[in-house]
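Data block below; observations after.
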Protein chains: 4
Amino acid sequence: MKDDAAASRGEAEVSRVRSGEKYERLLGGAAALMARQGYSQTTMRDVARETGFSLAGMYYYFKSKEDLLFQIQQRTFSELLALQEEQLARGGDAAERLRRLIDRHLAFYVRHADELKVCTYELDSLSGEKYQQIESLRRRYFALGVAIIAEVMGVRPGSVHEAAPVRHATLFLFGMLNWVFMWYRPGRDCGPEQLAREMADFVLDGLRGSRS
Amino acid sequence: MKDDAAASRGEAEVSRVRSGEKYERLLGGAAALMARQGYSQTTMRDVARETGFSLAGMYYYFKSKEDLLFQIQQRTFSELLALQEEQLARGGDAAERLRRLIDRHLAFYVRHADELKVCTYELDSLSGEKYQQIESLRRRYFALGVAIIAEVMGVRPGSVHEAAPVRHATLFLFGMLNWVFMWYRPGRDCGPEQLAREMADFVLDGLRGSRS
Amino acid sequence: MKDDAAASRGEAEVSRVRSGEKYERLLGGAAALMARQGYSQTTMRDVARETGFSLAGMYYYFKSKEDLLFQIQQRTFSELLALQEEQLARGGDAAERLRRLIDRHLAFYVRHADELKVCTYELDSLSGEKYQQIESLRRRYFALGVAIIAEVMGVRPGSVHEAAPVRHATLFLFGMLNWVFMWYRPGRDCGPEQLAREMADFVLDGLRGSRS
Amino acid sequence: MKDDAAASRGEAEVSRVRSGEKYERLLGGAAALMARQGYSQTTMRDVARETGFSLAGMYYYFKSKEDLLFQIQQRTFSELLALQEEQLARGGDAAERLRRLIDRHLAFYVRHADELKVCTYELDSLSGEKYQQIESLRRRYFALGVAIIAEVMGVRPGSVHEAAPVRHATLFLFGMLNWVFMWYRPGRDCGPEQLAREMADFVLDGLRGSRS
DNA sequence: TATGAATGAGTCTTCATTCAT
DNA sequence: CATGAATGAAGACTCATTCAT
């Protein structure tokens, strides 16, 4: 919004360094903080303290706080997306693929809880070009869900008439998935595979179906 | 109803004034801003500008920004809770009551979109006593869902063995419901009754059941 | 300083009401607060709460916070001054009058601790005409001390050569007297008469003299 | 000397930086302002303007306005205390040591008028741990006076019966000393050595003794 | 007399960011 | 690569005071 020009100028070299162990610690620490307190609540000083960097030193790795957020989302979300696209390409019937989509999503969540939470709840903290870029990843991820669910529901692709129910069902699914961040706690709750099974049963057959 | 007394007792300690048309405009304007930008992004100056108050003038109505947030959540959530408790007491079988729970929730949402969004996503912006108070409302609302879903699933109340699946299913439902804030737009999407119907079908019979 | 014009205009009717029980409670409560926390630390809200007045209601009795301070100092200090002037006129030799000066000062202090503390430590919180007026009372009070001490020291009045030592000795005395505010506590310490005796002995004969 | 370690331990928790020419200018400028207008009257903007810092820049050197006040008091008072403790250890009879106590106090005052005034009149502007820390320095300084005065008065250390008069006499002395801030002006009044002589004569032999 | 409601000016403090080294 | 030092802008909140009633 505020600096489209700067954003597009910067995009090519948004940051100079994109790997290294220290860099990983930086993104990881920042993600942990932002997942816990939210992006705007998290100060650069917090991140510096958490990661052992100096305040100024961090700016070698990204251009701004927003850029830091962007890098976290970009890395995490594109990894998840790639993983799911590849995995879904391996075939299976619609129900099976739906089960795998859910399972992999939750498995990824357990491995990258902080990062994924940030991806899910901090999109709006991005603006301009950065927002667009992440938004487009999200749209692609959503499309994956829509395709499978349409197939499960027996809706012909492109059927305008049935588009809304499919879209809604997909949104229901992502709602369930994204709400997991709010309550799931590794030690206390069942494992992600078990949870994935329950959720897939729920989605496919509902409360009554999955019981009988 | 039965907790209006408790509610007013609780709020009286926190703020002096509790009614009046100007006061309504204040809470409403603040909720709108906070729903759009988030609590911590919303400045008191924003609220003042939006509501036509002076910065200092608003502090006549609440003691702090956090107190303002608390008042919004307290009013909204206790109204929703009372409404659902009363409505559910009117009977019907489990599936029917589940449908009504969803329908009333979405109907309430459409009437108080900003306020409910703030209730759902800004609990963690509260702390101490205020957090506890809202958290307890939320727990009661969740308990309503658990009771109905256990009945739909045919689980005996108190069954330890089946507690987790029931809890999970309830969380799935609230995940769907709460995610609605993220995508639903009155003009563009179908009406709340229709959406409620789709969601209830989805919850009861799943993707496959609700089709066949 | 800031509004000499307004000050002189206002002085004649600095306040409309100068008596009444409520008015006494107001000045007394304010003095207590200001003695404990200092003038600038004491808010008009504090005074309202302490005295049971409404914020706006107090402004019937004085024009401004500074005027409130002025009234406290004016009343208290002129009462003390009148009392001492009258008492000293009753004669006695120099040492005797010095003892009485100290004794009456401490007796007055015990009766009006808060007010006198405010007189002593908050002169600089006044400005313009109000400052001048209290300063002149203070000067007259100081002159009382100077006269007696010169006599005790056997210095001829008007002796330029001996003026500094007399002035210094008087300042030493008032230093002792004014520091009493900082440590004296009615319940814990000896009575004011006893303290006055010790102080007078100290002033007249010093540490060594008062022992032998 | 022996408590330098303790002092630096204590301050390190409170502020990061403890030396440097700029830092000195900061404390000095702040002390000057606070001596003139009082702590609560002195705004951080005043200090910034006086010292040439930016408002935010000052916060690099202390955590809060109160911490700034604390640092001024801590530095000044522990320097004075160390100086007196060391000097008194050099011996001499009681009267001689009393003269030296007064003389060094006034000499120190002339060198650090602003800082010492702040130490004397703004202890109550501190709170919690900071208050305790300075209060304990003050107590030690007071104990120095009590010991000498007891000796001058010929009171056995530990004599419960004579404790109050000794304590009072010491408070008289500190009253005189602390009131100096209120009237002494370097150019106008006599030098500190002369004043110290007069005060010591006064304390030892009183108004009558010092004349005869 | 008395007050509920309101406000302009100002307070301390924090934040993301920069730059010389 | 890294950081100590510094800052402009903005944030929540408070204060003495006023005015219609």
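Numbers restart at 1 for each chain; the letters A, B, ... are given by sequence-line order, proteins then strands. Since the structure is predicted, the reported quantities are computational estimates derived from the model, not experimental observations.
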#### Entry: Check: Y61(D) side chain, K22(D) main-chain N or O, donor-acceptor pair, under 3.5 Å
no
Open item on the list: Under 6.0 Å between ring centres: does that hold for F53(D) and Y60(D)?
Closed with: no
Closest to the 5' end of DNA chain E, once G52(C) and E66(D) are matched to their nearest nucleotides, is G52(C)
**Request:** Check whether any side-chain nitrogen or oxygen of Y61(C) sits under 4.0 Å from OP1 or OP2 of dA2(E), and answer yes or no.
**Result:** yes
Next item on the list: Under 4.0 Å between any heavy atoms, over every strand shown, what does S40(B) touch: base, sugar-phosphate, or nothing? Just pick one.
Entry: nothing
Which of dT11(E), dA2(F), dT7(F) is nearest the side chain of A56(D)? It is dT7(F)
The nucleotide from dA16(E), dT11(E), dT13(E) with an atom nearest the side chain of Y59(D) is dT13(E)
The nucleotide from dA5(F), dA6(E), dT13(E) with an atom nearest the side chain of M44(D) is dT13(E)
Winner on side-chain proximity to L55(C), out of dA2(F), dT13(E), dT17(F), is dT17(F)
Pairing partner of dC19(E), by Watson-Crick or G-U wobble and under 3.5 Å for both distances, is dG4(F)
Between R75(D) and E24(D), does any side-chain N to carboxylate O distance fall below 4.0 Å?
yes
**Asked** Hey, does the side chain of Y60(D) come within less than 4.0 Å of dA5(F)'s phosphate (OP1/OP2), counting only N and O?
**Response** yes
Answer for the Watson-Crick or wobble partner of dA10(F), both distances under 3.5 Å, is dT13(E)
Ranking dA2(F), dC12(E), dC15(E) by distance to the side chain of F53(A), first place goes to dA2(F)
### Message
dT17(F), OP1 or OP2 - any side-chain N/O from K63(C) closer than 4.0 Å?
### Response
no
_Under 4.0 Å between a side-chain nitrogen and a carboxylate oxygen: does that hold for K117(C) and D114(C)?_
no
Picking from dA5(F), dT17(F), dA5(E), the nucleotide nearest the side-chain atoms of S64(C) would be dT17(F)
Nearest-nucleotide check on DNA chain F, G57(D) vs G57(A); residue mapping nearer the 5' end is G57(A)
Checklist entry - Quick one: is the NZ or CZ of K65(C) closer than 6.0 Å to the six-membered ring centre of Y39(C), and within 45° of its axis? => result yes
M58(C) atom CE is separated from dA16(F) atom P, nearest whole Å, by 9 Å
Among the nucleotides dA2(F), dT14(F), dA6(F), whichever has the atom closest to the side chain of S54(A) is dA2(F)
Side-chain contact check for K65(D): nearest option of dC15(F), dC12(E), dA16(E) is dC12(E)
